[in-house]
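Residue numbers count from 1 along this sequence.
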Amino acid sequence: MPALNAGIQVRERHTKHWDPKFKKLRKLKVQKVKLPDFREDDNISELTPDQIRSRMKEQGLLPPRSWMERPITISATGSVFEPYIPPEGDGKLSSLTLGGAKQSMEFLSKKSKSMLAVRKIRSFEDNFSPSTFAEEAQDIYIKAHKALAEKDYDTLHQCVTELCFPLMTDDLKMCTTRWQFLKSLEPPRVVHARCTDVINKENIFSQVTVRFHTQQTLAVYDRFGRLLYGSEVVAKDVLEYVVFEKHLANSYGLWRIHEKIIPDWMPVREPGRKTYVQQKPVVETEPVADSAVPATPTEQSAAVA
């Protein structure tokens, strides 16, 4: 109605939608996308330091450092420090004989350093005692070997260190193991203890050597079920010196098997009986002589005709 629009200026735009409530959504239908420049790495050498800085700020990157720090977790040492040297003939000589008495005197003379190490361990573990630890070490020893026979690697990692794990598992990956602990011929005892620090004075590791004289059965079968080593029926007397290690600085550290000490005087173990595929014998055949009768010249000419 002309009377209603009198004195009011109305500007009409024919390119504008009459309902503006979806204006924002219509704007988002078309977005400008910055396409990646795959040749950007080639041109970095030509950029100035200010251009490189502005580009890194645009991408949200921090400037690189001249050195890189990486966290290192040292949960076990790489060897046995100050390894225990077992006396020759141990396990065969009685304490009443001359050789056995001499071994006892040598053990007492080397006990001073071990007592200092035990004091250091007690500063972290108040209830540590060599007599009670020997029984605990035997439980860890049995648990680790049962986990190895059952191939329970999660339990085995809790009982052995990172140095000992590949030594125990590499040769038994394709084998079946039957192991059984029968009894202890002598009570286990602690014969050696040492402590050392790694990197700094507060990061302390402790190693305790325990002597085991036990009776066990061991049988190892290959993947085809053939017996490679030992027997499940015949029991053997085993004398071992096992090194247990613990990261004392770690409040959640555990005593784990680290390595076994094999003295030079110990007899060599019998090797495992391995089976191989027998190669087929190669038979040389003699060349067969031609039994045909050679043709005479007259026969050859007749054949040609």
Side-chain angles (χ1 to χ4, degrees), residues 72-87 90-91 95 103-148 152 154-165 167-168 181 183-214 216 238-263:
I72 299 175
T73 302
I74 304 175
S75 58
T77 58
S79 61
V80 179
F81 42 88
E82 295 187 36
Y84 174 71
I85 302 175
D90 191 11
S95 59
Q103 289 180 8
S104 301
M105 293 301 295
E106 291 178 355
F107 175 72
L108 292 175
S109 62
K110 298 178 181 178
K111 200 174 180 180
S112 58
K113 286 188 177 180
S114 296
M115 292 304 297
L116 293 175
V118 169
R119 288 183 183 179
K120 191 70 174 179
I121 296 173
R122 283 176 179 168
S123 64
F124 292 89
E125 293 185 16
D126 299 334
N127 300 326
F128 181 82
S129 174
S131 58
T132 58
F133 175 74
E135 300 294 335
E136 179 185 352
Q138 185 171 350
D139 295 339
I140 298 172
Y141 176 86
I142 296 173
K143 184 179 179 181
H145 285 75
K146 284 185 177 179
L148 178 63
D152 185 4
D154 293 336
T155 306
L156 188 61
H157 272 295
Q158 300 176 3
C159 300
V160 301
T161 60
E162 287 73 16
L163 174 68
C164 185
F165 183 83
L167 298 177
M168 295 180 66
F181 180 85
K183 62 179 180 179
S184 294
L185 300 177
E186 295 182 37
R189 69 171 189 268
V190 176
V191 295
H192 194 71
R194 290 293 184 272
C195 291
T196 189
D197 54 88
V198 178
I199 298 179
N200 54 34
K201 296 294 183 181
E202 290 78 16
N203 193 28
I204 299 176
F205 286 85
S206 176
Q207 291 181 356
V208 177
T209 305
V210 184
R211 176 186 180 273
F212 294 110
H213 195 192
T214 59
Q216 308 171 10
V238 181
L239 177 63
E240 290 180 313
Y241 301 90
V242 184
V243 180
F244 291 83
E245 185 181 85
K246 182 179 181 181
H247 191 190
L248 296 178
N250 184 8
S251 57
Y252 301 100
L254 299 173
W255 286 104
R256 299 183 293 174
I257 298 176
H258 189 61
E259 201 170 345
K260 292 182 180 180
I261 297 176
I262 302 176

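Inter-residue side-chain proximity for I257 and V243 is flagged as unmet; no heavy-atom pair is nearer than 4.5 Å. The shortest distance between side-chain heavy atoms of T77 and L163 does not fall below 4.5 Å. With a 4.5 Å cut-off on side-chain heavy atoms, I262 and Y241 do not count as touching. Counting heavy atoms from C-beta outward, T161 and S75 have side chains that stay 4.5 Å or more apart. At a threshold of 4.5 Å between non-hydrogen side-chain atoms, the residues P263 and I85 do not count as touching. For the pair F212 and V238, the minimum side-chain heavy-atom distance is 4.5 Å or more. Looking only at side-chain heavy atoms (C-beta outward), V242 and T209 stay at 4.5 Å or farther from each other.
Side-chain contact annotation: T214 with Q138, donor-acceptor N/O pair under 3.5 Å absent.
The structure places CZ of R189 at 13.5 Å from OG of S131, a figure rounded to the nearest 0.5 Å. The CD atom of Q158 lies 11.0 Å from the CD1 atom of I140; values are rounded to the nearest 0.5 Å. Annotation: the span from I204 atom CD1 to I121 atom CD1 amounts to 10.5 Å, rounded to 0.5 Å. In this structure, the separation between OG1 on T196 and CZ on F81 is 5.5 Å, given to the nearest 0.5 Å. In this structure, F128 CZ and R119 CZ are separated by 14.0 Å, a value rounded to the nearest 0.5 Å. To the nearest 0.5 angstrom, S123 atom OG is 7.5 Å from L248 atom CG.
Within a 6.0 Å radius of CG in D139, more than 12 heavy atoms belonging to other residues, nucleotides or ligands are found. Counting heavy atoms of neighbouring residues, nucleotides and ligands inside a 6.0 Å radius, atom NZ of K120 does not exceed 12 of them.
One finds a salt bridge joining R256 and E162 here, because a Lys/Arg side-chain nitrogen approaches an Asp/Glu carboxylate oxygen to under 4.0 Å. A salt bridge does not link R211 with E240: every distance from a Lys NZ or Arg NE/NH1/NH2 to an Asp or Glu carboxylate oxygen is 4.0 Å or more.
Checked against the 6.0 Å centroid criterion, the rings of F165 and H157 qualify as a close aromatic pair.
Although no hydrogens or angles enter the test, the distance criterion places a donor-acceptor pair under 3.5 Å between the side chain of N203 and the main chain of V198. Within the 3.5 Å criterion, the main-chain N or O of S79 finds a donor-acceptor partner in the side chain of H258. Checked by atom type and distance alone, the side chain of H192 pairs as donor or acceptor with a backbone atom of E82 at under 3.5 Å.
Scanning both residues, A137 and F244, for their nearest heavy atoms gives O-CZ, 3.4 Å. Listed here is the closest heavy atom pair of C159 and A144: CB-CB, 3.6 Å. A pairwise comparison of heavy atoms in V191 and S114 identifies O-OG, 4.4 Å as the closest pair.
Every residue was checked against the salt bridge (charged side-chain N to carboxylate O under 4.0 Å, His left out) condition with E259, not counting sequence neighbours, and none meets it.
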After noting the C-alpha distance and the side-chain angles of E245 and S206, does the key distance pass the side-chain hydrogen bond (donor to acceptor under 3.5 Å, both in side chains) rule?
-> CA-CA 6 Å; E245 185 181 85; S206 176; over 6 Å; no
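Below 30°, between 30° and 60°, or above 60°: for F205 and H247 the angle between ring planes is below 30°, a parallel geometry.
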